[in-house]
Novice: 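Would you mind keeping the following structure in view while I ask a few things?
Keep in mind the model is a prediction, meaning the values are calculated, not measured. By convention in this document, chain letters (A, B, ...) are assigned in the order of the sequence lines, proteins followed by strands, and residues within each chain are numbered from 1.
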Amino acid sequence: MSSLSCTRLLKEHFDKNCIDMANYLLGKILVRKLEDGTILKARIVETESYLGNEDKASHSYGGRRTPGNQPMYMPAGTCYVYQTYGMYFCFNISSKEPGAAVLLRALEPLVGLETMEKFRDIKNEKQKWKPQYLCNGPSKLCIAMNINKNNCNKLDLTDPNNQDLWLENDSEQTSIIKTSRIGIDRVIEEWRLKPLRFYIYGNINVSKRDKKAESELKPVE
DNA sequence: GGACAGATCGCCT
DNA sequence: GGCGATCTGTCCC
């Protein structure tokens, strides 16, 4: 059996609070089946928790409910895809607490790299043909995996009949770095600095590595 | 490597 | 009317 022979995550695996979910998702395989049957696979290497009600960086801060953020209040394992800056998408998975979700920030491409390259269409010569630039950002991974609000928002990842997008288990061991979240500079310090970003130690596909945190990580034995 | 400007538009107030 | 959980190219060190 190769390491890519995996088992699909089931409903019970999503029954987690937001921070547990963000950590649990690291190392899991995101699988996308395109309309033409093409399979894309990538390992989740960076996540962020958005806690909801009390979290001043969250779309659901203060219990805010709009038609747009509705998936954040849906059962754990629901996809929340939103558009930002007029042209990009971000992909989240809702957790157990109503209003809380985990943002996927970076993936390590595993299967279907040629298709991902076609979707991304990288012009920069220094980044072209280098897999670590395909999915090293929340919107880059949506482009590479063909995830947008129209085709993936509100999808149920816990439904075994869902043939568009799902998660698979993987046995790879990982050390996890905890650090502050990205792109929320407007948020007051108390919430801007909270260690709610999680990534796989040393992974080159991570959008922004925290070298200080990595150097301070004590080896786990 | 880092800083900065500009793109671009759906969503919410 | 204004903003944004981003990305890219350019300029600079």
Side-chain angles (χ1 to χ4, degrees), chain A residues 18-19 21-22 25-26 30 44-73 78-95 97 99-107 109 116-154 178-199 202 204-215:
Chain A
C18 194
I19 291 177
M21 172 95 79
L25 288 175
L26 292 176
L30 181 66
I44 298 171
V45 300
E46 180 183 356
T47 60
E48 280 180 358
S49 283
Y50 285 86
L51 304 181
N53 196 37
E54 79 268 39
D55 182 355
K56 295 199 170 179
S58 175
H59 292 168
S60 53
Y61 169 61
R64 189 161 168 268
R65 275 177 180 266
T66 67
N69 72 11
Q70 188 189 351
M72 298 186 86
Y73 293 90
T78 302
C79 297
Y80 169 41
V81 184
Y82 67 88
Q83 190 170 8
T84 188
Y85 295 98
M87 54 185 142
Y88 296 114
F89 294 97
C90 289
F91 174 64
N92 302 252
I93 300 172
S94 70
S95 61
E97 322 95 295
V102 175
L103 170 71
L104 300 197
R105 282 199 56 92
L107 310 173
M116 296 184 200
E117 283 167 356
K118 204 162 59 183
F119 281 133
R120 285 275 285 119
D121 191 27
I122 296 173
K123 300 287 198 300
N124 185 310
E125 289 300 326
K126 290 183 177 176
Q127 296 185 3
K128 209 168 184 175
W129 314 125
K130 293 183 179 168
Q132 67 264 37
Y133 294 106
L134 286 173
C135 301
N136 63 335
S139 297
K140 292 178 185 177
L141 72 86
C142 286
I143 297 169
M145 301 289 279
N146 190 36
I147 290 170
N148 60 51
K149 189 169 178 176
N150 184 51
N151 61 23
C152 290
N153 194 36
K154 297 186 182 178
K178 303 179 200 300
T179 184
S180 57
R181 293 176 291 183
I182 290 178
I184 54 168
D185 295 348
R186 74 205 147 75
V187 177
I188 67 161
E189 188 170 274
E190 180 195 358
W191 280 96
R192 179 162 37 87
L193 300 180
K194 279 191 188 291
L196 293 174
R197 183 165 73 102
F198 310 92
Y199 72 84
I204 63 170
N205 300 274
V206 169
S207 66
K208 266 184 194 164
R209 289 170 61 187
D210 185 335
K211 295 294 167 55
K212 185 164 178 284
E214 290 195 23
S215 70

Novice: Less than 4.0 angstrom from a charged side-chain N to a carboxylate O is my criterion; do K123(A) and D121(A) meet it?
Specialist: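 A salt bridge links K123(A) with D121(A).
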
Novice: Whole angstrom is fine here: how far is it from CZ in F91(A) over to C1' in dT6(C)?
Specialist: 17 Å

Novice: Take the protein atom OH of Y133(A) and the nucleotide atom P of dG9(C), then report the distance between them rounded to whole Å.
Specialist: 13 Å

Novice: Could you check whether Q83(A) gets within reach of a base, just the sugar-phosphate, or nothing at all, counting any heavy atom under 4.0 Å?
Specialist: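 Contact class for Q83(A): sugar-phosphate only.
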
Novice: Using the side-chain heavy atoms of T84(A), tell me which of these nucleotides is nearest: dT6(C), dG10(B), dA7(B).
Specialist: dT6(C)

Novice: By the 4.0 Å heavy-atom rule, please label F89(A) as base, sugar-phosphate, or nothing.
Specialist: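 Here F89(A) touches no strand at all.
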
Novice: Can you check the Y61(A) OH to dA5(C) P distance for me, whole Å?
Specialist: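 Value for this atom pair: 15 Å.
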
Novice: Is the shortest side-chain N/O distance from K211(A) to OP1 or OP2 of dG1(B) below 4.0 Å?
Specialist: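 Answer is no, no contact under 4.0 Å.
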
Novice: Separation of K56(A) atom NZ from dA5(C) atom C1', in whole Å?
Specialist: 17 Å

Novice: Looking at the side chain of Y88(A), which of dC12(B), dC7(C), dA5(C) is the nearest nucleotide?
Specialist: dC7(C)

Novice: Grab the two heavy atoms, one from L51(A) and one from A100(A), that are nearest each other, plus how far apart they are.
Specialist: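 In terms of heavy atoms, the two residues are closest at O-CB, 3.4 Å.
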
Novice: Atom CG of L103(A) to atom P of dG4(C): distance rounded to whole Å?
Specialist: 16 Å

Novice: Return yes if the base of dA7(B) and the side-chain atoms of Y85(A) contain a donor-acceptor N/O pair under 3.5 Å, otherwise no.
Specialist: no

Novice: Restricting to non-hydrogen atoms, name the atom on N69(A) and the atom on H59(A) that form the minimum distance, rounded to 0.1 Å.
Specialist: ND2-O, 3.2 Å

Novice: Measure NZ/K208(A) against P/dT6(C) and give the value in whole Å, please.
Specialist: 8 Å

Novice: Can you confirm whether or not the ring centre of Y82(A) sits under 6.0 Å from the ring centre of Y80(A)?
Specialist: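 They qualify: ring centres under 6.0 Å apart.
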
Novice: Could you go step by step and tell me if T78(A) and I93(A) meet the side chain to side chain contact (heavy atoms under 4.5 Å, CB included) rule?
Specialist: CA-CA 6 Å; T78(A) 302; I93(A) 300 172; over 6 Å; no

Novice: Can you tell me how far P of dC7(C) sits from CD1 of I122(A), to the nearest Å?
Specialist: 11 Å

Novice: Side-chain N or O of R64(A) versus OP1/OP2 of dT13(B): is the shortest distance under 4.0 Å?
Specialist: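 Checking dT13(B) against R64(A), a side-chain N or O does come within under 4.0 Å of OP1 or OP2.
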
Novice: Can you tell me the base-pairing partner of dG2(B)? Count Watson-Crick or G-U wobble geometry only, both distances below 3.5 Å, and say none if there is no partner.
Specialist: dC11(C)

Novice: Report the base-pairing partner of dC11(B) (Watson-Crick or G-U wobble, both distances below 3.5 angstrom), or none.
Specialist: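 Its partner is dG2(C) (Watson-Crick or G-U wobble, both distances under 3.5 Å).
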
Novice: Among dC7(C), dA5(C), dC12(B), find the nucleotide with the atom closest to the side chain of R120(A).
Specialist: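 Of dC7(C), dA5(C), dC12(B), dC7(C) is nearest to the side chain of R120(A).
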
Novice: For Q127(A) and dG9(C), give me the distance from atom CD to atom P, rounded to whole Å.
Specialist: 8 Å

Novice: Give one of base, sugar-phosphate or nothing for R181(A), where a contact means two heavy atoms less than 4.0 Å apart.
Specialist: nothing

Novice: Counting only side-chain N and O atoms of K140(A), is one of them less than 4.0 Å from OP1 or OP2 of dT8(C)?
Specialist: yes

Novice: Considering only side-chain heavy atoms of M87(A), which listed nucleotide, dT8(B), dT6(C), dG9(C), is closest?
Specialist: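 Of dT8(B), dT6(C), dG9(C), dT8(B) is nearest to the side chain of M87(A).
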
Novice: Do I19(A) and F198(A) make a side-chain contact, defined as non-hydrogen atoms from C-beta onward lying under 4.5 Å apart?
Specialist: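 Yes, close enough: below the 4.5 Å cut-off.
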
Novice: Remember a base hit wins even if backbone is also touched, and classify N124(A) as base, sugar-phosphate or nothing at under 4.0 Å, heavy atoms.
Specialist: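 Here N124(A) touches the backbone only, sparing every base.
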
Novice: DNA chain C: K123(A) or R186(A), which has the more 5' nearest nucleotide?
Specialist: R186(A)

